[in-house]
Amino acid sequence: MTLEKAYILLGILVFLMGLLGVIVRKNLITILVSTEIMLNGVNLVLVAVDRYLGNVEGQIFALFVLTVAAAEVAVGLGLVVSIFRLRGYEGSSEVVHLRD
Amino acid sequence: MSEFTLSLIITLVKIAVVLGVAMGLGAYLTWFERKLAGHIQARLGPTVVGPFGLLQPLADGIKLLTKEPIIPRGADVPVYYLAIVLALAPAILLFSVIPFGPGFTLLGREIKPIIADVNIALLVVFAMGSLAVYGTIFSGWASNSKYAFIGSLRKAAVIIAYEVVLGFAVLGVVLLAGTLSTTGIVQAQIDKGVWFVFYQPVAFILFLFCMLAESGRVPFDIQEAEAELVTGYNVEYGGMKFGIFPLAEWYLNVMALSAIAVVLFFGGWSGPPILGPLSPYFWFLAKMFGLVFFVIWLHWTLPRFQAKDVTEVAWKIMLPLALVNIIFTAVVVYMRGG
Amino acid sequence: MDWLIFGVLSLWLLISVGGAVLVKNPIHSILFFLSAVLATAGLFLALGAELLAGLQIIIYAVAIVVFYVLVITTIPWEKVKRFEGVYKKELIFGVPLLLLVFAMIAYGIYRGKLHDPAIMKADSVRDLGKTLFTSYLFPFEVASVILLVAMIGAILLGRKEE
């Protein structure tokens with residue numbers, strides 16, 4: 001169990017805990033927060049793998065993930081605000097209109 | 001004693017010195033501001049407590065510490081107290097990347113009077129300067145009061161707008177110096193022999209505006225607007241809990257940001273050696289307090305912006321100016337060979 | 001010494017992520033997420049990725065989490081209180097399943113033979129800048145277009161119908 005393997009395991013653990021959050025939480029905004037936690041876990045694994053390669057490509061990839069996460073948060077929260085304005089609630093069990 | 005514990009002890013001593021001096025100076029800046037305000041308004045400031053009113057901050061501190069702690073009903077108590085920590089911590093953390101002088105050797109070890117000499121010191125400055133917005137938002141929200149919340153939303157909008165302008169304004173200096181670390185920028189100014197304020201006057205003026213906006217001082221303190229919002233986001237805080245907000249925002253933030261301005265634009269600790277080995281520290285503190293004096297002077301002589309004008313000025317006037325400045329600087333640096 | 005730093009930072013990160021996933025009140029969940037972001041920035045610094053640590057704090061802790069806090073504080077609190085907390089049934093089924101998945105992946109990594117660690121260079125900011133603007137220039141421009149499109153989309157979604 002070297003230090004690099006410990007970092008990779010930590011990243012995977014954070015990713016899985018974020019996945020648990022997406023499945024389990026009720027409020028739409030906290031689901032989005034759990035998605036961000038998953039992206040953080042992925043970034044951690046990417047930067048940890050840098051140590052094996054010896055160059056900075058892991059960090060560049062993590063930078064692009066960071067950028068896309070920012071864009072996704074903007075659009076996701078815009079959607080949540082629209083749902084709230086149209087329907088007046090924001091629970092994940094209530095947004096079922098596409099099903100019927 | 002191993003290498004690691006020795007460097008740990010040195011770092012702890014540096015932290016203790018900087019923390020003590022910063023908090024002490026922050027408390028005495030209140031006295032300085034009241035004296036200066038008094039003289040600008042053709043009256044004397046505090047003169048009763050101690051000679052020249054020098055013990056006034058102590059009296060104020062004792063008064064604030066002995067007030068009754070009242071918490072509004074329905075307030076979110078953990079977040080209410082956490083907001084105070086979130087207001088104070090970034091302001092103090094800003095002091096960790098400021099170089100107070102050149103490195104010197106003591107008992108055979110090279111010691112640099114900077115707590116954290118990282119390669120990304122300037123990014124840490126941006127990050128800590130903008131983390132201060134959390135103290136405002138959470139104190140306004142946790143107080144369960146509409147006046148407080150409107151004040152905090154105003155300040156959040158101002159800080160987010162001005163942090164973008166801050167990033168672009170400082171990029172010109174980074175292009176000239178070639179590094180993001182504060183010691184590197186001071187060294188570049190000493191090597192080139194000229195202070196960057198002469199190369200980048202526009203960037204310095206933009207930085208000054210951003211410093212005023214991020215610290216919430218006039219002419220940008222719409223969130224406090226004493227006559228309109230009853231001092232806004234900290235209206236439900238009493239006693240020393242209230243006292244920490246101006247300390248962190250008006251005094252510690254202004255001191256730290258003017259120290260950064262001195263490092264970026266005025267050559268840090270460089271200056272003619274009039275006091276022997278102590279002269280770098282003297283020059284650094286003199287320049288820093290010159291800027292702080294200028295900021296306090298502005299506070300008592302200028303009126304305040306309207307709430308809708310503050311962010312408009314940032315996005316429509318300052319950001320294009322900063323972008324034009326960067327393009328111009330980049331072209332000049334490229335043509336002179338980098 | 002590296003293990004000590006890793007241990008402290010990873011403990012901070014795991015407690016923050018656990019709090020963000022399980023706490024009832026959404027604002028407390030966002031505060032735990034802020035703490036997780038700061039812990040991740042610390043881990044990036046410990047790994048030697050300095051520029052990414054600074055950018056992590058500036059983008060995540062200052063822009064994204066402020067956005068979350070502003071959105072959730074401008075929604076009336078009674079509506080938010082109807083939907084807070086976790087679903088208990090999914091929690092009881094989900095935790096053992098995900099623990100099983102983690103155990104399988106961890107066993108694979110623990111027993112696997114990875115490449116030998118290479119030597120890290122000192123000034124990673126300069127290297128990252130050079131590589132980003134020479135080999136990865138096109139993805140960089142595409143990322144800026146993505147941000148522009150997301151900005152336009154968010155403005156359109158957030159506009160009130162008149």
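Values below: every heavy atom of this structure, side chains too, minus hydrogens, waters and symmetry copies. Labels below follow one simple rule: chain letters A, B, ... track the order of the sequence lines, proteins then strands, and each chain is numbered from 1.
Between A:Val24 and C:Val21 there is no side-chain heavy-atom pair separated by less than 4.5 Å. With contacts defined as side-chain heavy-atom distances shorter than 4.5 Å, the pair C:Thr131/A:Ile60 qualifies. With a 4.5 Å cut-off on side-chain heavy atoms, C:Tyr87 and A:Ile23 do not count as touching. Residues A:Leu66 and C:Gln56 have side chains in contact (heavy-atom distance under 4.5 Å, counting atoms from C-beta outward).
Your options are C:Phe140, C:Tyr60, C:Phe93, C:Tyr110, and the one with the most heavy-atom pairs under 4.5 Å with chain A is C:Tyr60. Taking chain C as the reference chain and counting heavy-atom pairs below 4.5 Å, the highest number among A:Leu9, A:Ile12, A:Leu10, A:Thr30 is found for A:Leu10. Heavy-atom pairs under 4.5 Å with chain A peak, among C:Leu51, C:Ile109, C:Ile146, at C:Ile109. By number of non-hydrogen pairs under 4.5 angstrom with chain A, the leading residue of C:Ala106, C:Ala143, C:Ala49, C:Gly94 is C:Ala49. Per-residue heavy-atom pair counts under 4.5 Å with chain C were compared for A:Val47, A:Leu79, A:Val81, A:Val68, and the maximum is reached by A:Val47. When each of A:Val14, A:Thr2, A:Leu13 is scored by its heavy-atom pairs under 4.5 Å with chain C, the top score falls to A:Leu13. Ranking C:Ala36, C:Ala150, C:Ser144 against chain A, the residue ahead of the rest is C:Ala150, based on heavy-atom pairs under 4.5 Å. The choice from A:Asn40, A:Leu32, A:Thr67 that makes the most heavy-atom pairs within less than 4.5 Å of chain C is A:Asn40.
With values rounded to the nearest 0.5 angstrom, C:Ser16 atom OG is found 9.0 Å from A:Ile37 atom CD1. In this structure, CG in C:Asp2 is found 7.0 Å from OH in A:Tyr7, a value given to the nearest 0.5 Å. Between atom CD1 of residue C:Ile72 and atom CZ of residue A:Phe84 there is a gap of 11.0 Å, rounded to the nearest 0.5 Å. Interatomic distance, C:Leu47 CG to A:Leu44 CG, rounded to the nearest 0.5 Å: 7.0 Å.
Proximity to chain A (any heavy atom under 4.5 Å) is restricted, for C:Ile59, to the side chain, taken from C-beta onward. Heavy atoms closer than 4.5 Å to chain A are found nowhere in C:Leu97, neither backbone nor side chain. Looking at C:Lys24, only its backbone comes within 4.5 Å of chain A, counting heavy atoms on both sides. Both the backbone and the side chain of C:Ala20 come within less than 4.5 Å of a heavy atom of chain A. Contacts of A:Ile8 with chain C are made by side-chain atoms alone, with heavy-atom separations under 4.5 Å and no backbone atom involved. A:Glu36 touches chain C through backbone and side chain together, each having a heavy atom under 4.5 Å away.
The only member of C:Val95, C:Val17, C:Leu22, C:Leu13 that meets side-chain contact (heavy atoms from CB on, under 4.5 Å) when paired with A:Met17 is C:Val17.
With hydrogens and angles disregarded, no donor-acceptor distance shorter than 3.5 Å links the side chain of A:Lys5 to the backbone of C:Arg111. A donor-acceptor pair is defined here as one N or O able to donate and one able to accept, closer than 3.5 Å; such a pair exists between the side chain of A:Ser82 and the backbone of C:Leu157. Remark: side-chain polar atoms of A:Arg25 are paired, donor with acceptor, to backbone N or O of C:Val23 under 3.5 angstrom.
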I'd like to know whether C:Asp127 forms a side chain to side chain donor-acceptor pair (under 3.5 Å) with A:Gln59, so could you lay out the CA-CA distance, the side-chain angles of the two residues, the decisive distance to 0.1 Å, and finally the verdict.
CA-CA 11 Å; C:Asp127 286 338; A:Gln59 293 179 43; over 6 Å; no
Test log, rule side-chain contact (heavy atoms from CB on, under 4.5 Å), inputs C:Thr40 and A:Asn43:
CA-CA 9 Å; C:Thr40 321; A:Asn43 271 352; 5.8 Å; no
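Contact between A:Ala74 and C:Phe67 at its shortest, heavy atoms only, is CA-CE2, 3.4 Å. Closest approach of A:Val56 to C:Leu128, counting heavy atoms only: CG2-CA, 4.0 Å. The minimum heavy-atom distance between C:Leu52 and A:Ala62, with the atom names listed, is CD2-CB, 3.5 Å.
Annotation for A:Phe61: atom CZ does not count as buried by contact number, only 12 or fewer foreign heavy atoms lying within 6.0 Å.
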